[in-house]
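A short worksheet on the structure shown next.
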Amino acid sequence: MALSTQRDSAFLPSPHLSAPQPNHDVFLSFRGEDTRLSFVSHLYHELQLRGIKTFKDDPKLERGTAISSGLFNAIQESRLAIVVLSPKYASSTWCLDELTEILQCMKSKGTILPVFYNVDPSNVRKQSGSFVDAFAEHEKRFREDIDKVKRWRDALTDVANLSGIDSKNECERKLIEKIVEWVWSKMHRTFKLLDSTELVGIKFTLGDIDWLLAPTDDVRFIGIWGMGGIGKTTIAKLVYESISIHFEVSCFLANVRAVSEHGNLVNLQRQLLFPILKEQITQVWDEQWGTYFIKNCLSNKKVLLILDDVSESSQLEKLAGEKDWFGKGSIIIITTRDKRLLVKHDMQVSYKVEGLGDDDALELFSRNAFKKNEPEEGFLELSKGFVNYARGLPLALKLLGCLVYKRDQDEWKSELDKLQKIPKSEIIDLLKVSYDGLDEMNKDIFLDVAFFHKGMVKKHVVEILDSCGLCGNIGINALVQKSLLTISHGNVGMHDLIQEMALEIVRRECPEEPGRRSRLCDDDDISHVFINNTATNKIKGIALRMMRLEMADWNCEAFSKMCNLKVLEFDNVIFSSSPIILPNSLRSIKWSHYPSKFLPSGFQPNFLIALKMRHSKLVRLWDGRK
């Protein structure tokens, strides 16, 4: 995928390697008498503030002659080590044992940072200066175990020969900044947002990266726009991984539009603020307070913020309203389908993402169809047929590749012939191929998720699907395997284009009359059904979520014809009249601003498993005894 920019040279990072996740990011080795209440205290605070899990031994531990097994385990379970070498460091046998173990575990990995704090590195290397008296005492004390003392000397020599940081002529604040940046850079080498298969064809340029890192006091807003599935998020992730180590606060907020549609933006505001507020994050209890804390907590921080898939100006206003919300040198990157949104907010730079070229498209398809960079023997022409049909759309290439993975040539030809029957201009039809291969139950699960449950916790989705007679857990897992659904942090999701394909499938059930379709989520279609009373027993679910309060002068008599309605959701819709009847088939009702004090007297909720009626006039479920 390419970007419409004025820069040309390609930038492509090497694929990452997966790494184990230890219990601690950093192990701190230091002489408490020298630094615990001063330098180390400040360093530990800054590491914690950046979300870096740091092991620092308890000062109340009774120190004997030997290091505890618990500290040995902590060293072995840490990704990195910072050794603060201070004047009295060598006087502690505990510190020297720690250092020996750290070198044994980490020296070959390049994950040790020596910090020479008020000592000359040569004194550490040669055990001279303040280290002379300490080793004179050790040699006297351990005259029968002189090998131990030699191991300590060797350890100090080895650590002093490593590349480190010297406190000489450096203020403490700058010293700590350098240490934290070293830790951050090491950690980001093993933490990646991107899978290597996603990097095919990305043409974000080295010049672009250099421009982003150029020293400036300006706060820059940058837009990335293009159609759904074209690779905007992938490019944003690439930029984030490339430059995030250079910022005090870095945050990637994914799926802003979807989160906004399912409630408010408080959770995203908390995600952005958590590295600063920590346990005080509970103070952010609504969007107004979230905006207040963003302005006040980040205005003096150099921030990298990615807002992925923004669809409304109001979302920007609550997450990144103005430049003065952020400190000097901050960068805010927004991905969106709506170019007008970027123009409206005066983005300094706007990039348009284009589709993949033929060679890159073939490689991406091959990575999903064959799990390697090129087609297997005998499949080249067939692969080109699928690639030509996808017309450079990365998501379509991935789906089609997964569709034919481990299938024989006859099946490939059959699938390709099937594709030819769908108009080439219809991307939605292209995506529908995966849907057509599902059994009837999984088709229902897929459509229900697309219309009503996208972004919800998987456990809750499964409960509702099961109550509808569907095998929710098995079905969702099958759809994930077919690349139709995703699971992220326990939530069920799907790509925007896949959701659009689902909406089109249901629209085609009866293009002329929405009341004869199985599911409704479009405000015009729902309005048509209620105003004209055209509902039928084909309707299984209705979901209408408005961004702001809207009045609806609708005829609720339409509910009387929806005898198979199972899911009903109205958010920010104020009805002019109350329903006299609700279908007894309902499994889930979410109705904000419900207009009556009671549910209809004839409603028998025998199958109901979810009832959410926030901001409603509901006083009790029924008028009278039931």
Side-chain angles (χ1 to χ4, degrees), residues 11 13-14 16 19 22 24-30 35 38-56 78-86 102 106 109-118 121 159 162-193 206 209-220 237-252 272 274-276 278 297-306 326-333:
F11 173 82
S14 59
H16 72 278
H24 312 289
D25 296 318
V26 173
F27 182 93
L28 265 180
S29 177
F30 61 96
T35 60
S38 53
F39 174 73
V40 166
S41 174
H42 299 151
L43 174 60
Y44 180 77
H45 174 77
E46 189 64 27
L47 291 169
Q48 293 294 96
L49 196 63
R50 294 287 291 270
I52 297 168
K53 190 175 180 181
T54 304
F55 182 90
K56 179 168 70 76
S78 296
R79 180 182 298 169
L80 308 169
I82 299 172
V83 182
V84 182
L85 297 156
S86 56
I102 288 170
M106 301 185 190
K109 302 176 184 178
T111 55
I112 304 171
L113 178 68
V115 177
F116 302 97
Y117 188 76
N118 294 334
V159 77
L162 298 176
S163 177
I165 297 176
D166 193 344
S167 68
K168 186 178 180 180
N169 300 323
E170 192 82 81
C171 75
E172 189 168 293
R173 180 177 63 84
K174 287 291 185 182
L175 183 64
I176 289 174
E177 284 180 2
K178 287 182 178 180
I179 296 170
V180 173
E181 184 166 332
W182 178 88
V183 172
W184 199 247
S185 65
K186 290 288 186 180
M187 288 176 59
H188 275 62
R189 290 182 185 177
T190 56
F191 172 74
K192 294 289 183 182
L193 293 171
L206 186 60
I209 298 293
D210 289 341
W211 178 77
L212 291 173
L213 294 177
T216 178
D217 287 342
D218 194 16
V219 175
R220 289 168 286 183
K237 288 178 179 178
L238 172 59
V239 174
Y240 182 85
E241 291 183 356
S242 301
I243 68 174
S244 59
I245 63 171
H246 300 282
F247 295 81
E248 294 177 85
V249 177
S250 55
C251 184
F252 191 105
L272 173 57
F274 183 77
I276 307 297
K278 294 294 186 183
C297 293
L298 300 181
S299 60
N300 63 344
K301 302 286 185 183
K302 185 180 179 183
V303 177
L304 173 64
L305 172 61
I306 311 289
F326 307 98
K328 295 178 179 179
S330 294
I331 296 177
I332 317 300
I333 297 176

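Position 1 is the first residue of the sequence, and the numbers go up from there. Note that these values count all heavy atoms, side chains included, but never hydrogens, waters or copies made by symmetry.
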Donor-acceptor pairs under 3.5 Å, side chain of residues 173-182 to any protein atom, not counting sequence neighbours: which ones?
from	atom 1	to	atom 2	distance (Å)
R173	NH1	E177	OE2	2.9
K178	NZ	E170	OE1	2.5

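- To the nearest 0.5 angstrom, T54 atom OG1 is 5.0 Å from Q48 atom CD.
- Put simply, CD1 on I112 and CZ on F27 are 11.5 Å apart, with the number rounded to the nearest 0.5 Å.
- Between F326 and L305, the closest side-chain pair of non-hydrogen atoms falls below 4.5 Å.
- A heavy-atom distance below 4.5 Å is not found between the side chains of S86 and N118.
- How far CG of L85 is from OG of S29: 7.5 Å, rounded to the nearest 0.5 Å.
- The aromatic rings of Y240 and F252 stand perpendicular to each other, their planes meeting at an angle above 60°, with 30° marking the opposite boundary.
- Among all heavy-atom pairs drawn from E248 and N300, the shortest one is OE2-O, 4.1 Å.
- With a 4.5 Å cut-off on side-chain heavy atoms, L80 and V183 count as touching.
- In terms of heavy atoms, A81 sits closest to I102 at CB-CG2, 3.6 Å.
- Annotation for P114 and V159: closest pair CG-O, 3.5 Å, computed over non-hydrogen atoms.
- A pairwise comparison of heavy atoms in S330 and K301 identifies OG-O, 3.2 Å as the closest pair.
- Rounding to the nearest 0.5 Å places CD of E46 at 8.5 Å from CD1 of I52.
- Considering only residues two or more places apart in sequence or on other chains, T35 meets the side-chain hydrogen bond (donor to acceptor under 3.5 Å, both in side chains) condition with none of them.
- Taking 4.5 Å as the limit, every side-chain heavy atom of D25 sits out of range of all side-chain heavy atoms of L47.
- The side-chain hydrogen bond (donor to acceptor under 3.5 Å, both in side chains) check on H45 picks up nothing, with sequence neighbours excluded.
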message = Set out, in order, the CA-CA distance, both residues' side-chain angles and the distance that settles side-chain contact (heavy atoms from CB on, under 4.5 Å) for K168 and F116, then state yes or no.
response = CA-CA 8 Å; K168 186 178 180 180; F116 302 97; over 6 Å; no
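- Within the model, atoms NZ of K53 and OG of S78 stand 9.5 Å from one another, a figure rounded to the nearest 0.5 Å.
- The structure places CZ of F55 at 9.5 Å from OH of Y44, a figure rounded to the nearest 0.5 Å.
- Closest non-hydrogen pair, G164 versus L113, comes out as CA-CD1, 4.0 Å.
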